[in-house]
Amino acid sequence: MDLKLYDTLSREKRVFQPIDPARVRMYVCGPTVYDYAHIGNARPVIVFDVLYRMLRQIYGADHVIYVRNITDVDDKINARAAERGISIGELTRTTYENFKNDVKALGCLPPTVEPRATEHITEMKTLIERLVASGHAYVADGHVLFDVPSMPDYGRLSNRSLDEMIAGARVEVAPYKRDPQDFVLWKPSKPGEPSWPSPSGIAEQGRPGWHIECSAMSWKHLGETFDIHGGGIDLVFPHHENEIAQSRCSFHTPFMAHTWMHNGFLQVEGEKMSKSLGNFFTIHDLLQDWPGEVLRFNMLRTHYRQPIDWTLKGLEESYATLRHLMGEGTSAAPQFAPGVIEALSDDLNTPKAIAELHALHARGESEALAGSLAALGFTQRPRSRREVDKTQVEALVAQRLAARKVKDFAESDRIRDALTAMGVILKDSKDGTTWEVAP
RNA sequence: GGCCACGUGGCGGAGUGGUGACGCAGCGGACUGCAAAUCCGCGUACCCCGGUUCAAUUCCGGGCGUGGCCUCCA
């Protein structure tokens, strides 16, 4: 069965054909490690994890390379470290550890490689030197800038012509730029900022611009060209556009990645997530109240390219649905059932895949269901975070059973009400009474 | 202002040029001492206006609405 993926560059769904099926290569833009990642950041992580799992099933686990970078040099990092009075190294290290734990709780597999920007300064400088040598970049006032007009088809990914961008420019243009759209590859470091010896004959120390790191790391770990490049839709311009410019002009290739994939944005309760509206949630915050599987499921209920409205109601539904689907927690080896992989093969149609899970459930195909759930990253039935005293509950359940036996229903219902108040839900059947903790 | 998405029943959310997915909620029934859970069954939709067509929710054009990018934010 063909895997079809929507490509932002060509604006169409296309059959995915790896450049080398023995070595399928995917690059996804990862976090800037200055603070806890928010729930919007979790979307690409989860979406591309599903794609990673699919690719592993299709091409074999050893034939897929998934690179997700860590941006550990950035103005926000510098500012935050200074604010907290800790070193940049300490900030990026602890933030990354938190990120890793959060993402693991969301059921995401670790990528094959998680390269750090600061460990690829050499590669960045090599690219910069190449771009300067080939006339695609120039040195000005201690900076190295990419010469955008030197690339005739710049702007194809975001569908912007050079003229449009000049017309739309509303930011003050730095005086050292030859063209308003030229972007920074390397810039001087101020005292106290991280710095490295500069490329291209610049005497003072400096640091890389934002975009160059992804060109450098994808090159190092995947090669000059590769199969899939992913990220949030907000990265289309300027970030990915500039990556393409850097990589293609460095290597003189007609493309950087075959398929460009971008996930849609997330809103919270119908509003833009922002700290001022008080609806800003980190993954870490949400994990205090919800099992990671529920957050993951909630994310996959919506197709990745659609906007998603993150709501409490949605989370409650996801919790109930997942518990329903996972029954008593049957486990199986990860294996997508045919209907599920078919849905996913159509540009990662996860809502349709979930409908298939319901169909498997209805048909009682528990092995296929459990295998598909596991393949999608759901291995544990979500459990309530509520704490109950198990001994006390068991005692009350036994008392209630005794009362029912002698048909003392008033007492029986009183005990049930008491248990309900404690957050315990009873389930009577002819085989006896079981109980579970309410969400 | 420019570019780009999206707009489906009470809610979430697929999909299709012509028999109205799926889930949640709701309603009816079975089961139960009564409930819950479970099982069976039921209803309601395709933003607006044109156009193409035998036929449009699905294609085309316009409008309205929401969101994103154009400011190193997924």
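A note on names: the letters A, B, ... follow the listed sequences, proteins ahead of strands, and every chain is numbered from 1.
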Engineer: Please identify each residue that fulfils side chain to side chain donor-acceptor pair (under 3.5 Å) with A:R414, with sequence neighbours left out.
Structural biologist: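 A:E411.
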Engineer: Could you write out RNA chain B as a dot-bracket string, with dots for unpaired bases, | for bases paired across to another strand, and Watson-Crick or G-U pairs counted at under 3.5 Å?
Structural biologist: (((((((..(((.....[...))).(((((.......)))))....(((((..]....))))))))))))....
Engineer: To the nearest angstrom, how far is A:E342 atom CD from B:A21 atom P?
Structural biologist: 19 Å
Engineer: Tell me, for nucleotides 34-44 of chain B in 5' to 3' order, what letter each nucleotide earns: B for a base near a protein heavy atom under 4.0 Å, S for only sugar-phosphate near one, - for neither?
Structural biologist: BBBSS------
Engineer: Considering only the C1' atoms, how many Å lie between B:G62 and B:G26, rounded to the nearest integer?
Structural biologist: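 My reading of the C1' atoms in B:G62 and B:G26 gives 39 Å.
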Engineer: Between A:N263 (CG) and B:G68 (C1'), how many Å, whole number?
Structural biologist: 12 Å
Engineer: Roughly how many Å is it from NE2 in A:H239 to P in B:C4, rounded to a whole number?
Structural biologist: 22 Å
Engineer: Provide the distance between the two P atoms, one in B:C59 and one in B:A35, to the nearest whole Å.
Structural biologist: 49 Å
Engineer: Atom NZ of A:K352 to atom C1' of B:A14: distance rounded to whole Å?
Structural biologist: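 Distance, rounded to whole Å: 7 Å.
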Engineer: Enumerate, atom names and distances included, each donor-acceptor pair closer than 3.5 Å involving a side-chain atom of residues 392-406 of chain A, sequence neighbours excluded.
Structural biologist:
unit_1: A:R400; atom_1: NH1; unit_2: A:D428; atom_2: OD1; d: 3.3
unit_1: A:R400; atom_1: NH2; unit_2: A:D428; atom_2: OD2; d: 2.9
unit_1: A:R404; atom_1: NH1; unit_2: A:D428; atom_2: OD2; d: 3.4

Engineer: Please list residues of residues 301-315 of chain A whose heavy atoms come under 4.0 Å from any atom in RNA chain B, ordered by number; otherwise none.
Structural biologist: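 Correct list: A:R301, A:T302, A:H303, A:Q306, A:K313.
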Engineer: Base, sugar-phosphate, or nothing for A:G264, non-hydrogen atoms under 4.0 angstrom?
Structural biologist: base
Engineer: Of A:L51, A:T350, A:N349, which meets side-chain contact (heavy atoms from CB on, under 4.5 Å) against A:L344?
Structural biologist: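 That would be A:T350; it is the only one of A:L51, A:T350, A:N349 passing the side-chain contact (heavy atoms from CB on, under 4.5 Å) with A:L344.
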Engineer: Kindly write out the residues that satisfy side chain to side chain donor-acceptor pair (under 3.5 Å) with A:T92, not counting sequence neighbours, or none if the list is empty.
Structural biologist: none
Engineer: Considering only the C1' atoms, how many Å lie between B:G12 and B:G18, rounded to the nearest integer?
Structural biologist: 28 Å
Engineer: Can you tell me how far C1' of B:G23 sits from CD of A:E316, to the nearest Å?
Structural biologist: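 Atom-to-atom, A:E316 to B:G23, this comes out as 15 Å.
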Engineer: For B:U58 versus B:C48, give the span between their P atoms, rounded off to a whole number of Å.
Structural biologist: 10 Å
Engineer: Using atom C1' in both nucleotides, what's the gap between B:C46 and B:G28 to the nearest angstrom?
Structural biologist: 27 Å
Engineer: If you assign A:P238 and A:K76 each to the RNA chain B nucleotide with the nearest heavy atom, which residue ends up on the more 5' nucleotide?
Structural biologist: A:P238
Engineer: Judged by each residue's nearest nucleotide on RNA chain B, which is more toward the 5′ side, A:P31 or A:H358?
Structural biologist: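 Its nearest nucleotide lies further toward 5', so the answer is A:H358.
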Engineer: Which is true for A:Q267 with a 4.0 Å heavy-atom rule: it touches a base, it touches only sugar-phosphate, or it touches nothing?
Structural biologist: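 The answer is sugar-phosphate, as A:Q267 gets under 4.0 Å only of primed atoms, P, OP1 or OP2.
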Engineer: Salt bridge (Lys or Arg N to Asp or Glu O under 4.0 Å) with A:D75: which residues, sequence neighbours excluded?
Structural biologist: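 Result, salt bridge (Lys or Arg N to Asp or Glu O under 4.0 Å) vs A:D75: A:R207.
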Engineer: Check this for me: does the side-chain of A:K187 come within 3.5 Å of the base of B:C72 through a donor and an acceptor?
Structural biologist: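 Yes, a donor-acceptor pair under 3.5 Å.
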Engineer: Nearest whole Å is fine: how far is B:C72 P from A:F146 CZ?
Structural biologist: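 So the two atoms are 17 Å apart, to the nearest Å.
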Engineer: According to the ring-ring contact (aromatic ring centres under 6.0 Å, His included) rule, which pairs have a member within residues 398-433 of chain A, sequence neighbours left out?
Structural biologist: none
Engineer: Parallel, tilted or perpendicular: which one describes the rings of A:H239 and A:H211, with boundaries at 30° and 60°?
Structural biologist: tilted
Engineer: What integer distance in Å separates A:K272:NZ from B:G67:P?
Structural biologist: 9 Å
Engineer: Determine the Euclidean distance between corresponding P atoms of B:G51 and B:A14; express it in Å to zero decimal places.
Structural biologist: 31 Å
Engineer: Mind telling me whether A:W260 and A:H229 have parallel, tilted or perpendicular rings, with 30° and 60° as the class edges?
Structural biologist: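 Aromatic pair A:H229/A:W260 classed parallel.
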Engineer: For A:D35, what residues pass the salt bridge (Lys or Arg N to Asp or Glu O under 4.0 Å) criterion, not counting sequence neighbours?
Structural biologist: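 A:D35: salt bridge (Lys or Arg N to Asp or Glu O under 4.0 Å) contacts with A:R80.
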Engineer: Are side-chain heavy atoms of A:W435 and A:K390 found at a separation under 4.5 Å?
Structural biologist: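 In short, these two side chains touch, coming nearer than 4.5 Å.
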Engineer: Which salt bridge (Lys or Arg N to Asp or Glu O under 4.0 Å) pairs, counting each pair once, include a residue from residues 277-288 of chain A, with sequence neighbours left out?
Structural biologist: none
Engineer: Under 4.0 Å between any heavy atoms, over every strand shown, what does A:S412 touch: base, sugar-phosphate, or nothing? Just pick one.
Structural biologist: base
Engineer: Please give the distance between the C1' atoms of B:A21 and B:G13 as a whole number of Å.
Structural biologist: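 After rounding to an integer number of Å, I get 10 Å for this pair.
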Engineer: Would you mind classifying the nucleic acid contact of A:I354 as base, sugar-phosphate or nothing, using non-hydrogen atoms under 4.0 angstrom?
Structural biologist: nothing
Engineer: Pick base, sugar-phosphate or nothing for A:K407, based on heavy-atom distances below 4.0 Å to the nucleic acid.
Structural biologist: nothing
Engineer: Taking atom C1' in both B:C22 and B:C60, compute the distance separating them and give it to the nearest angstrom.
Structural biologist: 31 Å
Engineer: With a 4.0 Å limit, can you tell me whether A:N349 has a side-chain N or O closer than that to the phosphate oxygens OP1/OP2 of B:G15?
Structural biologist: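 So the side chain of A:N349 is within the cut-off, an N or O lying under 4.0 Å from OP1 or OP2 of B:G15.
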Engineer: Under 3.5 Å, side chain of A:N298 to main-chain N/O of A:W310, donor-acceptor pair present?
Structural biologist: no
Engineer: Output the rounded distance in Å from CG (A:L300) to P (B:G12).
Structural biologist: 18 Å
Engineer: Partners of A:Y52 by ring pair (Phe, Tyr, Trp, His ring centres under 6.0 Å), sequence neighbours excluded?
Structural biologist: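 A:Y52 satisfies ring pair (Phe, Tyr, Trp, His ring centres under 6.0 Å) with A:Y66 only.
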Engineer: Of all residues at least two apart in sequence or in a different chain, which pass the salt bridge (Lys or Arg N to Asp or Glu O under 4.0 Å) check with A:D7?
Structural biologist: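 A:D7: salt bridge (Lys or Arg N to Asp or Glu O under 4.0 Å) contacts with A:R14.
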